[in-house]
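First the structure, in the form of structure tokens, and then the observations on it.
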Amino acid sequence: MARIFSQHKIRRTANLPDTWDFSAAGKTLKMHVPGCWETISEFSNYRGKALYETEFFGKGYMRIVFNGVSHTAKISLDGEMMAEHYGAYSAFDFVSEKLEAGMHQLVAEVDNSFHKDSALHIPGNDYYSYGGITRPVELEFIENGIYISAFRMTPVYTDKGWRGRSVVSIKNLEDKKRDITLSLEIAGKKTLMPVKIDAKDEHTVFFEESYENAETYTLSDPKLYFAELVLYENGEAIDDLIDRVGFRTVEIKGDKIFFAGEELKLKGFNRHEDYAEYGCAIPVSVMARDIAIIKEANANCIRTSHYPNDDRFIDLCDENGILVWEEAHARALLEENMRHPKFMEQSLLSIREMIGQHFNHPCIFTWGMLNECASDTEFGRECYKVLIAEIKKLDPSRPSTFATFKYGVHGNDICLDLPDIVSYNIYPGWYLKVPTGEHIAGLKKFIDTTPGAGKPIIISEIGAGGIYGFRSDVKPKWSEDRQAELVAEQIEGVLKDDDFVGVLIWQFADCRVDEDIFASRPKTQNNKGIVDTYRRKKLAFAAVRDIFGKY
Ligand code: ADA
């Protein structure tokens, strides 16, 4: 399943096979889906195109959802092209015409090469662009030619309690008008709405309802409610969609962030979707173990560096009261990369899919984008302006941010007027020979000279490398000992300073990186995790746990 709960009681769904016929580089085999092809040793370094083929029993209108294909996909059904998609980290779907009852062939051409039309998956990056159908594929029977295609609820707090502002999209596939009734039930309150939809049309329905019985979603008591939507036609329930919501607000007051009315003190990690030989196709059991380790570290926040995450991981964060900073896909794109003809289109798509698909997760407190891109040039600024505006347009209920490193020797950020939250990636003591206290004092002084003055400030990355198993009393760089010492100084320095909303360590776990940067990345990994790629704890883990536990 694509969520950790069932999304349908009425719409019929079916499973696709767990292995598909796979052909690439002149070889053919059965390949596991979801999964990375790098998991299979002969493809552990394969970069290029592959064909996945399977078949399924279908009848009538069939909706097929790919929750993640890394990173360029072309999907055909019975030989007819049905969908194309760029970007490994968000879902896309299509609905077939009415199929004859029987077996139908589904083919996915998957390409993880750094091809000419790829502006966001680029070579030499400090994470790995895996290959494969890396997240679940869903098969649905749209038996009545009409279905609920989207649902978003914005919680609104009033002195009479919680209200919910909901937007529901319904698609009519039939060549005839439809008279239906839409039912929305949340927290024991059911609302019915008559709806008329034209032939082959999509219709949006708006609700504004009070939910007096709803309790607030807080980090200590993460109260979740199922939102159950049902379509009725002639009195019969013909389709449904189940999602989960939480009633809380995210507010900025001066230089503080308030979540469900409580002032936030962020203590967390940046986390890549990457686990040993699973690559980015992480099983839910591993995600659950990551959540347990995050909580053991006394952390309360995860930044999905540097792309939208698997819905199931964010579902687990919802359930555990772990705050999430989710961000659209981009890392360290220079102005020349941002001038790529596909950059803006692909960046807007990543933002629209991220917010459109993850809107209802109460644990997400901010939307991010453009990690360490060209926010120091006029051209870059024009791009930042367009993309921040898109975030604000799609979701005015959450603050926006982006992580920059443009300060001091790294230049000067000219975009700090744009985000609601100012976020900086700094590496005092690792990349820079400067004590943390001195560095953050200078950073605050700089921010005070910019339009970012007075806004909440998050240290969105800070950390040091430590190679698991390398212990030394000499404490040279790359030793676990030095990493623990450095990270302790860094996070203490930030957390004791009330001018910062909090700190996100770079990073939770070691991850594979592109081979082009092997020289600065021992094991061809980013070794700044406080656990290694198998989640084995380094010395830094205990240091972080104890300091996070004090704040
Ligand atoms: C940057 C970047 C991270 C990672 C980090 C590092 O801040 O945002 O993705 O590359 O540096 O390890 O150097």
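One-based numbering, in listed order, for ligands and for the atoms of each. Below, each value reflects all heavy atoms present in this structure, side chains not excepted, and no hydrogens, waters or symmetry copies. Just so you know, residue 1 is the first one in the sequence shown, and it goes up from there.
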Just by modelled atom types, is the G469 backbone N or O under 3.5 Å from a matching donor or acceptor in the E480 side chain?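 Looks like yes, one N/O pair under 3.5 Å.
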
Quick one: does K455's side chain have a donor or acceptor within less than 3.5 Å of a partner on P419's backbone?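 Pair found, side chain donor or acceptor close to backbone of P419.
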
Report yes or no: is the cationic atom of [X] (NZ for Lys, CZ for Arg) under 6.0 Å from the centre of the six-membered ring of [Y], at an angle within 45° of the ring normal?
| X | Y | answer |
| --- | --- | --- |
| R248 | F365 | no |
| R47 | Y128 | yes |
| K253 | F258 | yes |

Judged by modelled atom types alone, do T401 and S423 share a side-chain donor-acceptor pair under 3.5 Å?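 Side chains of T401 and S423: pair found under 3.5 Å.
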
Give me the nearest non-hydrogen protein atom to [atom] as residue plus atom name, then the distance to 0.1 Å.
| atom | result |
| --- | --- |
| atom 7 (O) of ligand 1 | E461 OE1, 2.4 Å |
| atom 4 (C) of ligand 1 | D126 OD2, 3.4 Å |
| atom 5 (C) of ligand 1 | Y427 OH, 3.3 Å |

Given side chain to side chain contact (heavy atoms under 4.5 Å, CB included), test L120 with Y307 step by step and report yes or no. CA-CA 10 Å; L120 305 179; Y307 37 74; over 6 Å; no

If you count the atoms of ligand 1 from 1 in the order shown, which ones are under 4.0 Å from a heavy atom of [X]?
| X | answer |
| --- | --- |
| Y431 | 6 (C), 12 (O), 13 (O) |
| N371 | 2 (C), 8 (O) |
| R521 | 6 (C), 12 (O), 13 (O) |

Would you check whether R331 has a nitrogen or oxygen atom less than 3.5 angstrom from a nitrogen or oxygen atom of ligand 1?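 There is such a contact, yes.
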
Could you establish whether F405 and ligand 1 come within less than 4.0 Å of each other, counting only heavy atoms on the residue side?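 It does not, in that no heavy atom of F405 comes within the 4.0 Å cut-off of ligand 1.
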
Given E372, H306, R303, H272, which one has a non-hydrogen atom that is nearest to atom 9 (O) of ligand 1?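 It is H306 that holds the nearest heavy atom.
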
Does Q507 approach ligand 1 within less than 4.0 angstrom via side chain, backbone, both or neither, non-hydrogen atoms only?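 Q507 to ligand 1: no contact under 4.0 Å from either part.
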
